[in-house]
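First up is the structure itself, then whatever we jot down about it.
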Amino acid sequence: YKADPSEPIFYILKEKQSAEEMLKLIQCIPPTENEEANRKRKNNNRIYQEYVSTLNDLIDKWTSLRLVGDKERVKSSD
């Protein structure tokens with residue numbers, strides 16, 4: 001078995017896609033009269049926004065180091 005050096009990068013690109021989808025789902029949840037549920041929704045929204053932002057920063061660094069090409073970046077944005 002030969003290891004592919006780009007494999008971990010693709011795992012993280014897929015994780016970014018998943019996190020962005022989860023963020024969209026969280027943002028679609030309307031506020032309710034239940035304060036506890038609203039607080040949890042707000043916290044999850046903030047966590048996922050920060051997580052996606054951190055992954056974007058990481059991918060930007062990888063791009064500048066040429067670890068991730070434009071083609072992979074575009075795939076991660078789809």
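In this chain, numbering begins with 1 at the start of the sequence shown. Note that the coordinates shown come from a computational prediction; the quantities given were computed from them, not determined experimentally.
When the shell of 6.0 Å around CZ of R39 is examined, it contains more than 12 heavy atoms from other residues, nucleotides or ligands. Within a 6.0 Å sphere centred on CD of E35, heavy atoms belonging to other residues, nucleotides or ligands number 12 at most.
Connection of I59 to F10 is established within a shared hydrophobic cluster, with ILVMFWY side chains joined at heavy-atom distances below 4.5 Å, either directly or through further cluster members. When hydrophobic clusters are built by joining Ile, Leu, Val, Met, Phe, Trp and Tyr residues whose side-chain heavy atoms come closer than 4.5 Å, directly or via intermediates, L58 is grouped together with Y51. Note: the hydrophobic cluster containing I29 does not contain L23 (ILVMFWY, side chain heavy atoms under 4.5 Å, direct or indirect links).
With values rounded to the nearest 0.5 angstrom, Q17 atom CD is found 13.0 Å from I12 atom CD1. In this structure, the separation between OH on Y48 and CG on L25 is 10.0 Å, given to the nearest 0.5 Å. Going from atom NZ of K40 over to atom CG of N34 covers 8.5 Å, rounded to the nearest 0.5 Å.
With N45 contributing its side chain and R41 its backbone, the two residues share no donor-acceptor pair below 3.5 Å. Distance alone, capped at 3.5 Å, places no donor-acceptor pair between the N38 side chain and the P31 backbone. Checking side-chain atoms of T54 against main-chain N and O of E50 turns up a donor-acceptor pair under 3.5 Å.
Salt-bridge check for E20 with K16: passed, with a basic side-chain N closer than 4.0 Å to an acidic carboxylate O.
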